[in-house]
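Report on the structure given below.
For this chain, numbers begin at 1 and follow the sequence in order.
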Amino acid sequence: APVPFATLPSGNENLFAREFGFKRNGKLLAQAIGTGRIRRIDLARVGDRLFSLMLSVGLDAEVVHRVVAWRTNGPALRRVNRLSYAKPIVGALRSYRYGRLELEADGERVSGTHAFVFNLPQYGFQLPFAPYARGDDGRLDWLVFDYSGLFGALGHFLSLVRVKHLSRSGVYHGQARRVRIAVPVGPRPLSVSDQTTPAASRNPSSCPARATGRTVFSASRSARPTQA
């Protein structure tokens, strides 16, 4: 049988730990393991990498690339906090070169300038990009935004904060078991679960849901207890 695992968060913001109710508290971690509440989650695959959270192509991934470049520019890794994102966000908004991409989700095709694929609903700063995403339904929640420029970005951000982005013009979304993202003219930056990867090329990226599964201890009461 699969061996469940638990997460003790550290660093700036552990989105995976937040999803399962874990805080930076060893006692809570031990209690969750002792109680035996578990959740079975899906994992998605892009290339040879499995991920549990999300991936993005476009401006969001550009910001992540800039943060990682700043963090690794020195003899030791720099500590990252929420303020560390301010300069990369401003820089990306000022200089990012918007380009088209195409997303195919179980045969449905849409195009835009930015794409997100979520397995779990968590995102930095608790922004609700995919509020209905579930990690155990065998599907990926995808979003495509079609905008360019500073004012376009700000308009979409305000609708996101108000959780009205899914009904906004220029936003396409849905669920699928398999998602393919292609960049006709590229490359475009790609970020997987907040880890940068080589920039997306003209070759499509394929992300099938339920590539494998994982059993996770949970501090959330919604998880089911293990059976003796």
* Between Ser193 and Ser52, which heavy-atom pair has the shortest distance, and what is it? -> OG-N, 3.9 Å
* For residues His114 and Tyr147, establish whether the separation of their ring centroids is below 6.0 Å. => yes
* Asked: What do the steps show when you test Leu103 against Leu143 for side-chain contact (heavy atoms from CB on, under 4.5 Å), and what is the final call?
  -> CA-CA 9 Å; Leu103 182 145; Leu143 300 94; over 6 Å; no
* Pairs satisfying salt bridge (charged side-chain N to carboxylate O under 4.0 Å, His left out), at least one member in residues 105-131, at least two apart -> Glu104-Arg109
* To do: May I ask you to decide if Phe129's main-chain N or O and His165's side chain share a donor-acceptor pair within less than 3.5 Å?
  => yes
* Structure fact -> Output for pair (Phe16 CZ, Thr7 OG1), nearest 0.5 Å, gives 5.0 Å
* Structure fact -> Taken in chain and number order and not counting sequence neighbours, the residues that satisfy salt bridge (Lys or Arg N to Asp or Glu O under 4.0 Å) with Arg78 are none
* **Candidate pair Trp142 and Val110, rule side-chain contact (heavy atoms from CB on, under 4.5 Å), full reasoning** => CA-CA 11 Å; Trp142 58 267; Val110 297; 3.8 Å; yes
* Are Val63 and Leu150 in one and the same hydrophobic cluster, where Ile, Leu, Val, Met, Phe, Trp and Tyr link if side-chain heavy atoms are under 4.5 Å apart? -> yes
* To do: For Pro131 and Pro128, work out which heavy atoms get closest and say how close.
  => CD-O, 3.3 Å
* To do: Give the intermediate values and the outcome of salt bridge (charged side-chain N to carboxylate O under 4.0 Å, His left out) for residues Arg39 and Glu19.
  => CA-CA 11 Å; Arg39 285 173 58 184; Glu19 172 68 13; 3.2 Å; yes
* Donor-acceptor side-chain pairing of Arg188 and Ser56 below 3.5 angstrom -> no
* Asked: So how far is it from Arg180 CZ to Glu102 CD, rounded to the nearest 0.5 Å?
  -> 11.0 Å
* **Minimum heavy-atom distance between Asp146 and Arg100, given as atom pair plus value** => OD1-NH1, 2.7 Å
* If you take all heavy atoms of Ala61 and Pro189, which pair is closest and at what distance? -> CB-O, 3.4 Å
* Asked: Do the side chains of Trp70 and Ser84 get nearer than 4.5 Å, heavy atoms only?
  -> yes
* Phe125 ring center near Tyr123 ring center (under 6.0 Å) -> no
* Please walk me through it: do Asp137 and Gln175 pass side-chain contact (heavy atoms from CB on, under 4.5 Å)? -> CA-CA 10 Å; Asp137 62 357; Gln175 293 183 321; 3.7 Å; yes
* Just how far is it from atom CD1 of Ile89 to atom CZ of Arg66, taken to the nearest 0.5 Å? -> 11.0 Å
* **Heavy-atom check, side chain of Arg45 versus side chain of Arg49, under 4.5 Å** => no
* Structure fact -> CG (Leu29) and CD1 (Ile33) are apart, to the nearest 0.5 Å, by 4.5 Å
Contacts table for residues 153-163: side-chain donor-acceptor under 3.5 angstrom, sequence neighbours left out:
| residue | atom | partner | partner atom | Å |
| --- | --- | --- | --- | --- |
| His156 | ND1 | Arg168 | NE | 3.4 |
| Ser159 | OG | His156 | O | 2.8 |

* Hey, are the side chains of Leu55 and Phe118 touching, using non-hydrogen atoms and a 4.5 Å cut-off? -> no
* To do: Could you tell me whether Arg82 atom CZ has more than 12 heavy atoms of other residues or ligands within 6.0 Å of it?
  => yes
* Check whether Leu8 and Leu15 end up in the same hydrophobic cluster, where Ile, Leu, Val, Met, Phe, Trp and Tyr are linked by side-chain heavy atoms less than 4.5 Å apart. => yes
* Any side-chain heavy-atom pair from Val144 and Val171 closer than 4.5 angstrom? -> no
* **Side chains of Arg18 and Gln126 in contact at under 4.5 Å (non-hydrogen atoms)** => yes
* Side-chain donor or acceptor of Asp141 paired with backbone N/O of Gly174 under 3.5 Å -> no
* Kindly say whether Met54 contributes a backbone atom to a donor-acceptor pair with the side chain of Asn119 at under 3.5 angstrom? => no
* Is the centre of the Tyr172 ring less than 6.0 Å from the centre of the Phe145 ring? -> no
* Got Tyr85 and Val67 here, is their nearest side-chain heavy-atom distance under 4.5 Å? -> yes
* **Contact summary for Phe22 and Pro9, nearest pair of heavy atoms** => O-CG, 4.0 Å
* Do the side chains of Leu59 and Thr113 get nearer than 4.5 Å, heavy atoms only? -> no
* Look up atom CG in Asp136 and atom CD1 in Ile41, then write down how far apart they are to the nearest 0.5 Å. => 9.0 Å
* Approximate separation, where rounding is to 0.5 Å, of Leu120 CG and Phe20 CZ -> 5.5 Å
* Check for a donor-acceptor pair, side chain of Asp42 on one end and backbone N or O of Gly138 on the other, with a separation under 3.5 Å. => yes
* **Any side-chain heavy-atom pair of Leu77 and Thr72 under 4.5 Å** => yes
* **Minimal non-hydrogen separation, Leu83 against Asn81, with atom names** => N-OD1, 2.9 Å
